[in-house]
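All ligand and atom numbering here is 1-based and tracks the order in the structure.
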Amino acid sequence: MTPVYPANPDTVTHAVAALKAGQLVALPTETVYGLAALAKHDMAVAQVFAAKGRPQFNPLIVHVTDAAQAASLAARWTPTAQALADRFWPGPLTLVLPRRVDAPVAPLACAGLDTIALRAPAHPITQAIIAQAGPLVMPSANPSGRLSPTRAVDVARGFAQSPSHTVSADDRPPHIACILDAGATNHGVESTVIGLPDERTATLLRAGPVSTDTITAITGPLTQPNDTPNAPASPGRTLSHYAPARAQLRINAQTPGPGEAYIGFGPCPWCVINLSPTGDVVEAAANIFTALRAMDDAGFPQIAVAPIPNHGLGLAINDRLSRAQTLHNL
Ligand code: TXA
Ligand code: MG
């Protein structure tokens, strides 16, 4: 089992040394736990894909300290990118921009695309590590297609076995040097991802903690991603994701059906878990992955989830839930 250390200055030093030696470490962020490797280290980046069983066409986010470091990796750092960074960084927002051709980032990290996804995370532990080690690729620290981890224990358990669905030929559990434990993450869902392909266009690639309203106040109206089957605007969008390991999921359920365990939202006498008794989407987002995991662990074969209002963080919750449901309907 991967060692779990409390996040403190000593373990930060340890994690930085492991990263510089080309190893993987799992780190807390304000959204979900991430599986980190040095972005410039080809082998370490390749091992992130192997550890997650992640398809190599799905690129990784490069995590930086601030806008200046992000600008150094982009071909064009636009005024809109700067304005968004000024407003939301460090924080749960990822910007996808044209990539600088000679950026010191493993080509595999961007999956061969001419764009790069950049985010300055707010968590002080991860900030300190990036400041000492350099930019890090950091996908959510879960086997590909599974629930994102909001606690250190979720990471340890997720990688304890080699998942049968991985694309890795290696059937051993992946080697992760350590997991730094800083308690449960704040937001509970992954960052908002915005594409900025040119000066005028801003595209919502993934809903997340930074609401679209606050973004459009800076960018103007967001365009819809222009996916084609062979060239999705953001490869992760087309994948089924966030699935419980065993349970069948039914979303937008007003009441539980026969044999279903119910995840509620708002006042709800019959639910097994309530995402937010007061009907607060921010609280619900922080709880959604833990709730699905707990229901799965308890062995419920069928889970029904109450309707979640489709505004603010509710958009991100509904996005994750509909993908989790899709996997089982494939
Ligand atoms: O909150 C987060 O963003 C977390 C924490 C750990 O920072 N990370 C995370 O990474 O969610 P990941 O790999 O699980 O999701 C990254 C998403 C994927 O959907 C991927 O397709 C998209 O970002 N992405 C990455 N690079 C891209 C690019 N160059 N163009 C379009 N989409 C990109
Ligand atoms: Mg992920």
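The closest side-chain donor-acceptor pair between Gln127 and Thr65, if any, does not fall under 3.5 angstrom. With 3.5 Å as the limit, one finds a donor-acceptor pair spanning the side chains of Ser211 and Thr214. Side-chain contact annotation: Thr290 with Thr150, donor-acceptor N/O pair under 3.5 Å present. Side-chain contact of Thr80 with Thr78: a donor-acceptor pair under 3.5 Å is absent, judged by distance alone.
In summary, an N, O or S atom of Ser140 is located under 2.8 Å from the Mg ion (ligand 2).
Residues meeting the ring pair (Phe, Tyr, Trp, His ring centres under 6.0 Å) test with His123, sequence neighbours left out: none.
Between Arg54 and ligand 1, at least one pair of N/O atoms sits closer than 3.5 Å. In terms of polar-atom proximity, defined here as any N/O pair under 3.5 Å, Arg206 does make such a contact with ligand 1. Among the atoms of Thr31, some N or O lies under 3.5 angstrom from an N or O of ligand 1. Where the criterion is an N or O separation shorter than 3.5 Å, residue side chain and backbone included, Thr94 fails it with respect to ligand 1.
Listed by number with element, the atoms of ligand 1 under 4.0 angstrom from any heavy atom of Asn58 are 18 (C), 20 (C), 21 (O). The contact set between ligand 1 and Arg119, taken as ligand atoms under 4.0 Å from a residue heavy atom, comprises 1 (O), 2 (C), 3 (O), 5 (C), 7 (O). Under a 4.0 Å criterion applied to the non-hydrogen atoms of Ser140, ligand 1 contributes the atoms 8 (N), 9 (C), 10 (O), 12 (P), 14 (O). Contact atoms of ligand 1 toward His63: 5 (C), 7 (O) (distance under 4.0 Å to a heavy atom of the residue). Close contacts of ligand 1 with Ser191, meaning ligand atoms under 4.0 Å from a residue heavy atom, involve 1 (O), 2 (C), 3 (O).
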With a cut-off of 3.5 Å and sequence neighbours excluded, list every side-chain donor-acceptor pair involving residues 258-267.
from: Glu260; atom 1: OE1; to: Arg250; atom 2: NE; distance (Å): 3.3
from: Glu260; atom 1: OE1; to: Arg250; atom 2: NH2; distance (Å): 2.7
from: Glu260; atom 1: OE1; to: Gly257; atom 2: N; distance (Å): 2.7
from: Glu260; atom 1: OE2; to: Arg250; atom 2: NE; distance (Å): 2.8
from: Tyr262; atom 1: OH; to: Ala253; atom 2: O; distance (Å): 2.6
from: Tyr262; atom 1: OH; to: Gln254; atom 2: O; distance (Å): 3.0

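Tested against Glu190, the residues Arg320, Arg206, Arg119 include a single side-chain hydrogen bond (donor to acceptor under 3.5 Å, both in side chains) partner, Arg320.
Closest heavy-atom contact between Pro98 and Leu196: CD-O, 3.8 Å.
In this structure, of Met138, His187, Glu190, His123, the residue bringing a heavy atom nearest to atom 8 (N) of ligand 1 is Met138. Which of Thr115, Thr203, Thr185, Ile61 comes nearest to atom 23 (O) of ligand 1 through a heavy atom is settled by distance: it is Ile61.
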